[in-house]
Number of protein chains: 2
Amino acid sequence: MIDYNSKQVTGSMKRITIRDVSERAGVSTAAVSYVLNGREGKVSADTVAKVRKAAEELNYIPDFSARSLANNKSKLIGVVIPQTEDRKQLLLQNPFYSELICGIEARLRQSGYHMILSGVEKGEGYLDTSMQRNLDGAIITGIYQESFYEDLKKVRMPIVLIDSYIYDSHFDSVGIDDELGGYMATKHFIENGHANIALVTGLIRKDGVVEKRFLGYKRALKESGLFYNPDYVFEHSVTYEYGQEAARHIASNHPEITAIFATSDLMAMGAMQGIRDEGKEVPTNISVIGFDDISVARMCTPPLTTIKQDAIAKGIMAAERLLAAIEHADPSVPAVPKEPMAMPLALVERQSVRRQTF
Amino acid sequence: MIDYNSKQVTGSMKRITIRDVSERAGVSTAAVSYVLNGREGKVSADTVAKVRKAAEELNYIPDFSARSLANNKSKLIGVVIPQTEDRKQLLLQNPFYSELICGIEARLRQSGYHMILSGVEKGEGYLDTSMQRNLDGAIITGIYQESFYEDLKKVRMPIVLIDSYIYDSHFDSVGIDDELGGYMATKHFIENGHANIALVTGLIRKDGVVEKRFLGYKRALKESGLFYNPDYVFEHSVTYEYGQEAARHIASNHPEITAIFATSDLMAMGAMQGIRDEGKEVPTNISVIGFDDISVARMCTPPLTTIKQDAIAKGIMAAERLLAAIEHADPSVPAVPKEPMAMPLALVERQSVRRQTF
DNA sequence: TTGTAAGCGTTATCAA
DNA sequence: TTGATAACGCTTACAA
């Protein structure tokens, strides 16, 4: 029995290198490199066997830094998610992002990549990080100022944007049909007899998902011949607290409003609380629809009707497309720009919407 | 698909190296290295100025892979969190872990480190990753089989364990006084007149946080002369669903039970739903206390009374101690085992506990 | 105070 | 098929 670890591990011992393996196998380092990288066609079966045996016995573990230096491949993917405004922390509080990350990480690891998860300081770029770390690619979620994307275009690596409507040949992109989602929610209210429907939302920014949901909201109203009232749009931050605040205002100042479409479940849950704060009931007095279908949506009281999207699947898909782009390193194959990927969407009926009767 | 290999993109991006900087500044690469690493005492003020200017003009960005190769410092920290059993995904669904990650990432980035966030396959080790990436340190959350820790001891880097009761001189550790938390919750029930208190919990594993909370539960009972009934312990998985299931069972089969202590908020929320499923009310018929104070705890109905811990602060603290260990690492001096760090705890009274009267 | 040059571990080119 | 060997970009003795 060989003690594989004794050399490697004992505090003062040196790292096992490809050279150690080559010596033990009685071949060159080049041969070892070939075998260990699957280019076995370049060496004899005998050599392959010897190398494998030696590597196994020595418990050889490659050094990715050296690899990265030599061939510019780091097996490292940068993942960027938005931060909270005030504190400098990731917006992981929103379960939607957590699920996204779960999907991304799982898929990446499955292919032997690691994920560097980070936020980005306001106004800072990501170019430095991508160059320092020799990133093989990046997945960017959220929406940033234009200069951020301009920077990103300069760097030579595949990039997948999640939930962005910036269509540029430099970026691949994965999202959902947000306009449709906004339409579906609003339409559902209308079909249930609601006419005065408020929109509670985060900042409506150009090229952001929220803008599209807003557009869908307006389309549904228009299609049904309903009046679009700007006073019914409550726009601020994507937080439970703002949802609550907006709903309180609605419940106390707008008796005619019978429905609230919140562009995220977090806000919808806040809204339900706000309604209750004013002594009213969901959905008896005011109905609510959310967006995302985060896991707590089914756990709250009443369970929330919402537009479901599968964040984990979204993350997996983004990773998948990024990996495809990275591994498609064949310069001879001409580039075919991909259509942005739109993931499926569904209305999940639970108990926060009431059928209005007159 | 986008063609990342097109000439225009490739051609324009030749990497600026330390050599380019040295040539432009008219000094040696050594001088540049000194200046850029803050060892300015080794060179003249004039040289410092020239180097800074040249680096600035060329927009020099160091290559961390090369740096890592040369001096074994990667500025990379591995962060490990548990995975779901069935699917191979991170347990980020539990908001508690999300918050932990927020804290860790923010603190790490502040000091110029990056975080590789990953799960670990069942039965797999972390040794490979740590060697491949030349990690400067690692933060491990959750509890794993013993061989995992044995592996970890072999690798020469500082490691901080979060929420583990494995006290070993190889590891620093950050947690809370879980026994006290369990005691506080149970005591609160007792002070409010409850005598038949159920425990709903994840698997009680040796050295795990749950075991300690369980111990605190028993201590409180004993101290008050109450009978500890093993039938009142419902032990399975840390999920909303199990909390719900257990509570249903309790509500329908144990009319004498008036209180449920759930060892996580997620389970507590499930429990509240389960109680309602059986046509009973919280806290009118059954009171509930949770653990963690995740953000939804205050959003649910009724707002949940719980043992609050600050996950973000916990993450920051863990990162802080890891950085301290890394930066004062003196290879010649054996590490001085630190006392495990215990973060503060508090009972947050909301509306899920009723005062029993007889 | 400065510069030269020898590593660090891999990959990949090019003769043999 | 093979095996030297020159990069890759940086740090750091060691010389000058």
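In what follows, chains are A, B, ... by sequence order, proteins preceding strands, each numbered from 1.
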Rounded interatomic separation in angstrom, taking [atom1] from [X] and [atom2] from [N]:
X: B/E23; N: D/dG9; atom1: CD; atom2: P; answer: 13 Å
X: B/I18; N: C/dG3; atom1: CD1; atom2: P; answer: 13 Å
X: A/R19; N: D/dT5; atom1: CZ; atom2: P; answer: 10 Å
X: B/N72; N: C/dC8; atom1: CG; atom2: P; answer: 10 Å
X: B/N71; N: D/dG9; atom1: CG; atom2: P; answer: 17 Å
X: B/K42; N: C/dT1; atom1: NZ; atom2: C1'; answer: 10 Å
X: A/N37; N: C/dA12; atom1: CG; atom2: P; answer: 7 Å
X: A/N134; N: C/dT10; atom1: CG; atom2: C1'; answer: 13 Å

Under 4.0 Å, heavy atoms only, any strand: does [X] hit a base, just the sugar-phosphate, or nothing?
X: B/V27; value: sugar-phosphate
X: B/F64; value: nothing
X: A/S44; value: sugar-phosphate

Compare the minimum distances between each of [options] and the side chain of [X], then state the nucleotide with the smallest one.
X: A/T47; options: D/dC10, D/dT2, C/dT11; value: D/dT2
X: A/L69; options: C/dT10, D/dG9, D/dC10; value: D/dG9
X: B/T29; options: C/dT11, D/dT11, C/dG9; value: D/dT11
X: A/S33; options: C/dG7, C/dT11, D/dG3; value: C/dT11
X: A/V43; options: D/dT2, C/dT13, C/dT10; value: D/dT2
X: B/Y34; options: C/dA5, D/dA13, C/dT11; value: D/dA13
X: A/S28; options: C/dT10, D/dC10, D/dG3; value: D/dG3
X: A/A66; options: C/dT10, D/dT2, C/dT11; value: C/dT10
X: B/R67; options: C/dA12, C/dG9, D/dC10; value: D/dC10

(message) Between B/R39 and D/dT12, is there a contact of a side-chain N or O with OP1 or OP2 at under 4.0 Å?
(response)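 Result: yes.
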Ion pair check, [X] and [Y], cut-off under 4.0 Å:
X: A/E57; Y: A/K53; result: yes
X: B/E105; Y: B/R109; result: yes
X: B/D46; Y: B/K50; result: yes

(request) Test salt bridge (charged side-chain N to carboxylate O under 4.0 Å, His left out) on A/K153 and A/E150 and set out the steps. (result) CA-CA 5 Å; A/K153 288 182 195 171; A/E150 289 306 318; 3.2 Å; yes
(request) For B/S74 and B/L135, work out which heavy atoms get closest and say how close. (result) OG-CA, 3.7 Å
(message) Could you check whether any side-chain N or O of B/R15 sits under 3.5 Å from a backbone N or O of B/I61, counting only pairs where one atom can act as donor and the other as acceptor?
(response) yes
